[in-house]
> 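Handing you a structure now.
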Amino acid sequence: MNHSNKLNLAIIGPSGSGKGTQAEMISKKYQLKHISMGVVFRAEIKKGTAYGKQVQAYIDQGKFVPTSIVLKGLAPILASIDYHGF
C-alpha cells in the first residue's frame, strides 16, 4: 500500500467483538487517528463533566448510550480533525 494515500476506516461491531484491538493495530501501522467512544466516555466520566455524568447514568443502568448522546461527544472530536484530503 502506498502510504502517501489517505486511508480512512470505520470499524463497527458489537461490544467485545475486537474492534478496539484491530483499530489499535491498524492505526499504529498506518499512522491513523483512532477514536474510541469507550475511551472518550471513560475520560469524561473521570473528569466529572456533565456529559460524563449523562453517559454514566446509562452505563449504571446497563444500557447502551443512545446515539444522540454518543454523537454529542463525537462531534467536537470530529470537528478537531484536519480533513484535508479526506
Side-chain angles (χ1 to χ4, degrees):
M1 171 177 226
N2 181 349
H3 294 290
S4 65
N5 293 330
K6 293 281 186 174
L7 176 63
N8 302 292
L9 301 171
I11 301 174
I12 301 169
S15 297
S17 64
K19 300 177 304 290
T21 300
Q22 295 303 313
E24 191 68 32
M25 292 188 311
I26 292 167
S27 69
K28 285 179 183 175
K29 182 174 181 173
Y30 296 105
Q31 295 86 45
L32 301 171
K33 181 163 181 70
H34 175 213
I35 302 168
S36 166
M37 288 311 296
V39 170
V40 172
F41 289 164
R42 288 186 288 278
E44 293 297 315
I45 290 166
K46 185 176 180 178
K47 288 190 272 183
T49 66
Y51 181 74
K53 290 175 185 176
Q54 189 176 27
V55 167
Q56 185 70 59
Y58 286 95
I59 293 170
D60 287 348
Q61 295 175 42
K63 295 180 178 179
F64 287 112
V65 178
T67 301
S68 60
I69 296 173
V70 172
L71 294 176
K72 181 179 170 186
L74 184 58
I77 296 166
L78 294 177
S80 71
I81 296 172
D82 176 10
Y83 288 100
H84 180 63
F86 192 88

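Computed from a predicted model, the values in this text were never measured in an experiment.
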> Taking all atoms of both residues into account, what is the closest heavy-atom pair of Gly73 and Met37, and its distance?
C-CE, 4.2 Å

> Compare every heavy atom of Ala23 with every heavy atom of His34, then report the nearest pair and how far apart it is.
NE2-CB, 3.4 Å

> To check you understand the geometry: which heavy-atom pair defines the closest contact between Thr49 and Gly52, and what is its length?
OG1-N, 2.9 Å

> Considering all heavy atoms of both residues, which atom of Leu9 and which atom of Ile26 are nearest to each other, and what is their separation?
CD1-CG2, 3.5 Å

> Kindly work out whether a path of hydrophobic side-chain contacts (I/L/V/M/F/W/Y, heavy atoms less than 4.5 Å apart) joins Phe64 to Val39.
no

> Return yes if some donor-acceptor pair links the side-chain N/O of Lys19 with the main-chain N/O of Ile11 below 3.5 Å, else return no.
no

> Measure from the side-chain N and O atoms of Gln31 to the backbone N and O of Lys29, and report whether any donor-acceptor pair falls under 3.5 Å.
yes

> Honestly curious: do Leu74 and Val65 fall in one hydrophobic cluster under the side-chain, below-4.5 Å linking rule?
yes

> If hydrophobic clusters are built by linking Ile, Leu, Val, Met, Phe, Trp and Tyr wherever their side-chain heavy atoms come under 4.5 Å apart, do Ile81 and Val40 end up in the same one?
yes

> Tell me whether Ile59 shares a hydrophobic cluster with Leu71, the cluster being built from Ile, Leu, Val, Met, Phe, Trp, Tyr side chains joined at under 4.5 Å.
yes

> Counting distance only, does the side-chain N/O of Tyr51 pair as donor-acceptor with the main-chain N or O of Ile69 below 3.5 Å?
yes

